[in-house]
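None of these values were measured; they are calculated from a predicted model. In the text below, chain A, chain B and the rest are named by the order of the sequence lines, each starting its count at 1. Atoms considered below: every heavy atom in the structure, side chains included; atoms not considered: hydrogens, waters and symmetry mates.
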Amino acid sequence: MNNLHVLEKINIPQFREDIISWFQMEQRDLPWRKDQDPYKVWVSEIMLQQTRVDTVIPYFNRFMEWFPSLQSLADADEEKVLKAWEGLGYYSRVKNLQSAVREVAQEYNGIVPDTLEEISKLKGVGPYTAGAILSIAYGRPEPAVDGNVMRVLSRILLIEEDIAKPKTRKIFEEAVRRLIDDNHTSAFNQALMELGAMICTPGVPACLLCPVRDHCEAYAEGVQSQLPVKNLKKRSRDVPIAAAVITNSRQEILIRKRPAKGLLADLWEFPNYEDHASLTTKRESFRQQFQEQIHVIPELGEHLISIEHIFSHLVWKMDVYLGTAEGITEDMLISQQMKWVAETEVEHYAFPVSHQKIWKAYLEKK
DNA sequence: AATACGTGGGC
DNA sequence: TGCCCAAGTAT
């Protein structure tokens, strides 16, 4: 509504030409920009959610080696898919992706749907991803509003709504609908994002290099560094964890599969439990706690390492010990979703980064 | 609407 | 060190 009054001032055809020609000249050479294969666009967009380009590149390349086609991903072993995502974070993304890819293989004959209604039904495909795939792979004039687009347009159009609020995205979608070049939807949407990544950055943007500086209301008023407005209030809580690398007489390592839902779903880890005891008490009660909570009674060895791992919403403060255990029955392993694996096999399982640190410490200790 | 959901990099 | 950020989605 009133938020978009600046739109009236914009010379829209000129704006389109300026930002699109800049993009065509300056865009980065990225592996998912080699063609418009909807499958590749899809995978890249999922990987790029809340994740930097530089981080994604090696993951994307390896993913395409392992799963070169939509059908190959649909057919792939779930453990291998999770391993391909190991270290990328937000692991539900890849579980949803494979689930959705299987849906496409089955219900759409392997063709990624090209309508907003159908593509939006796929797991893990929200408003942004739907618009990105439709505009980049299919040339549909749909907005693809991510954090970059909100930052760029908040400045150009002097929009002061809090971009942390869910409903704010709709304002920007409306702006894009009015601005988008119907004949160059892919370049236009990507140009908005590329500009946000390369020029119109958070903090102090590089306005002197900006191809659409002359269209920018925030620049005209000198308030670009104060936009976008974003009010976040999230505090993380500390979670004390006691963990152990437990071996048996055959030098095998005890690992456990995490639950299918929630934090780090379906990843593997070393046995551990939440422990609020003090550090000194902890070591003494460790054996009993393990028996009660993991149903394993290890002989406690020395302290291996202390690790602090920071998530976006909580902090694990882990104390890791060495331990040995014998006589664990098959029933116990199954009920606890645990298994013994040879040292050389550990690397074949997908672990969260926090537990990769444990394994690294264990190997260095030996 | 507010919160859960990962990780690594920049300053 | 600590806080913010990065091509969001599900509930």
Side-chain angles (χ1 to χ4, degrees), chain A residues 23 27-28 30-33 40-60 82 85-97 99-100 119-133 135-136 143-152 162-170 172-173 176 186 189-198 200-205 225 228 230-239 258-267 269 308-316 350-357:
Chain A
F23 176 70
Q27 64 169 298
R28 290 166 291 180
L30 301 174
W32 47 88
R33 287 180 175 165
K40 293 181 192 169
V41 173
W42 187 3
V43 171
S44 71
E45 292 302 340
I46 299 296
M47 285 188 171
L48 286 162
Q49 288 169 8
Q50 301 292 286
T51 311
R52 288 187 153 74
V53 165
D54 288 344
T55 301
V56 167
I57 290 173
Y59 280 90
F60 179 84
L82 213 46
W85 213 265
E86 182 185 46
L88 249 194
Y90 287 147
Y91 299 94
S92 66
R93 288 184 294 174
V94 76
K95 297 174 59 178
N96 287 152
L97 174 61
S99 170
I119 206 169
S120 297
K121 289 178 185 166
L122 300 172
K123 282 186 186 171
V125 178
Y128 164 74
T129 306
I133 296 172
S135 62
I136 296 171
V145 175
D146 69 342
N148 283 313
V149 174
M150 290 198 280
R151 183 172 59 256
V152 169
D162 181 0
I163 66 166
K165 295 191 181 308
K167 62 185 300 184
T168 302
R169 197 195 66 250
K170 297 186 199 306
F172 291 92
E173 286 178 342
V176 173
S186 173
N189 276 345
Q190 290 190 78
L192 240 27
M193 293 187 275
E194 191 82 347
L195 191 70
M198 307 299 293
C200 197
T201 52
V204 182
S225 65
K230 187 178 186 181
N231 295 315
L232 281 182
K233 51 171 188 296
K234 53 167 182 280
R235 62 201 87 290
S236 53
R237 63 189 172 91
D238 288 359
V239 180
R258 293 179 61 87
K261 290 184 183 300
L263 184 65
L264 306 167
D266 277 340
L267 295 191
E269 65 181 2
E308 179 173 295
H309 189 78
I310 303 170
F311 297 85
S312 45
H313 57 303
L314 52 83
V315 180
W316 275 357
F351 286 82
V353 169
S354 50
H355 285 250
Q356 291 175 36
K357 292 177 188 169

query: Is it the case that A:Gln49 and A:Tyr128 place a side-chain donor and acceptor less than 3.5 Å from each other?
result: no
message: Using a heavy-atom cut-off of 4.0 Å across all strands, would you classify A:Trp316 as base, sugar-phosphate, or nothing?
response: nothing
task: Under 4.0 Å between any heavy atoms, over every strand shown, what does A:Gly87 touch: base, sugar-phosphate, or nothing? Just pick one.
output: sugar-phosphate
task: Taking only the side-chain nitrogens and oxygens of A:Arg93, find out if one of them lies under 4.0 Å from OP1 or OP2 of B:dG6.
output: no
task: Have a look at A:Ile46 and say if it touches a base, only the backbone sugar-phosphate, or nothing, with a 4.0 Å heavy-atom cut-off.
output: nothing
query: Checking all strands, does A:Ile310 fall into the base, sugar-phosphate, or nothing category for heavy-atom contacts under 4.0 angstrom?
result: base
message: Using a heavy-atom cut-off of 4.0 Å across all strands, would you classify A:Val53 as base, sugar-phosphate, or nothing?
response: base
- prompt: Picking from C:dG8, B:dG8, B:dG6, which would you name as closest to the side chain of A:Thr51?
  reply: B:dG6
message: Please classify the nucleic acid contact of A:Arg33 as base, sugar-phosphate, or nothing, using heavy-atom distances under 4.0 Å.
response: base
- request: Look at the rings of A:Phe311 and A:Trp316 and say which category their plane angle falls in: under 30° parallel, 30 to 60° tilted, over 60° perpendicular.
  value: perpendicular
query: What does A:Arg28 touch in the nucleic acid at a heavy-atom separation under 4.0 angstrom: a base, only the sugar-phosphate, or nothing?
result: base
query: Roughly how many Å is it from NZ in A:Lys230 to P in C:dC3, rounded to a whole number?
result: 16 Å
query: Phosphate oxygens OP1/OP2 of C:dT9: is one of them under 4.0 Å from a side-chain N or O of A:Thr129?
result: yes
statement: Closest to the 5' end of DNA chain B, once A:Gly262 and A:Arg52 are matched to their nearest nucleotides, is A:Gly262
statement: DNA chain B nearest-nucleotide lookup for A:Lys165 and A:Pro352: closer to the 5′ end is A:Lys165
message: Under 4.0 Å, heavy atoms only, any strand: does A:Ser312 hit a base, just the sugar-phosphate, or nothing?
response: base
task: Please list, chain by chain and in numerical order, all residues satisfying salt bridge (charged side-chain N to carboxylate O under 4.0 Å, His left out) with A:Glu269, sequence neighbours excluded.
output: A:Arg256, A:Arg258
query: Do any side-chain nitrogens or oxygens of A:Tyr90 fall under 4.0 Å of OP1 or OP2 in C:dA6?
result: no
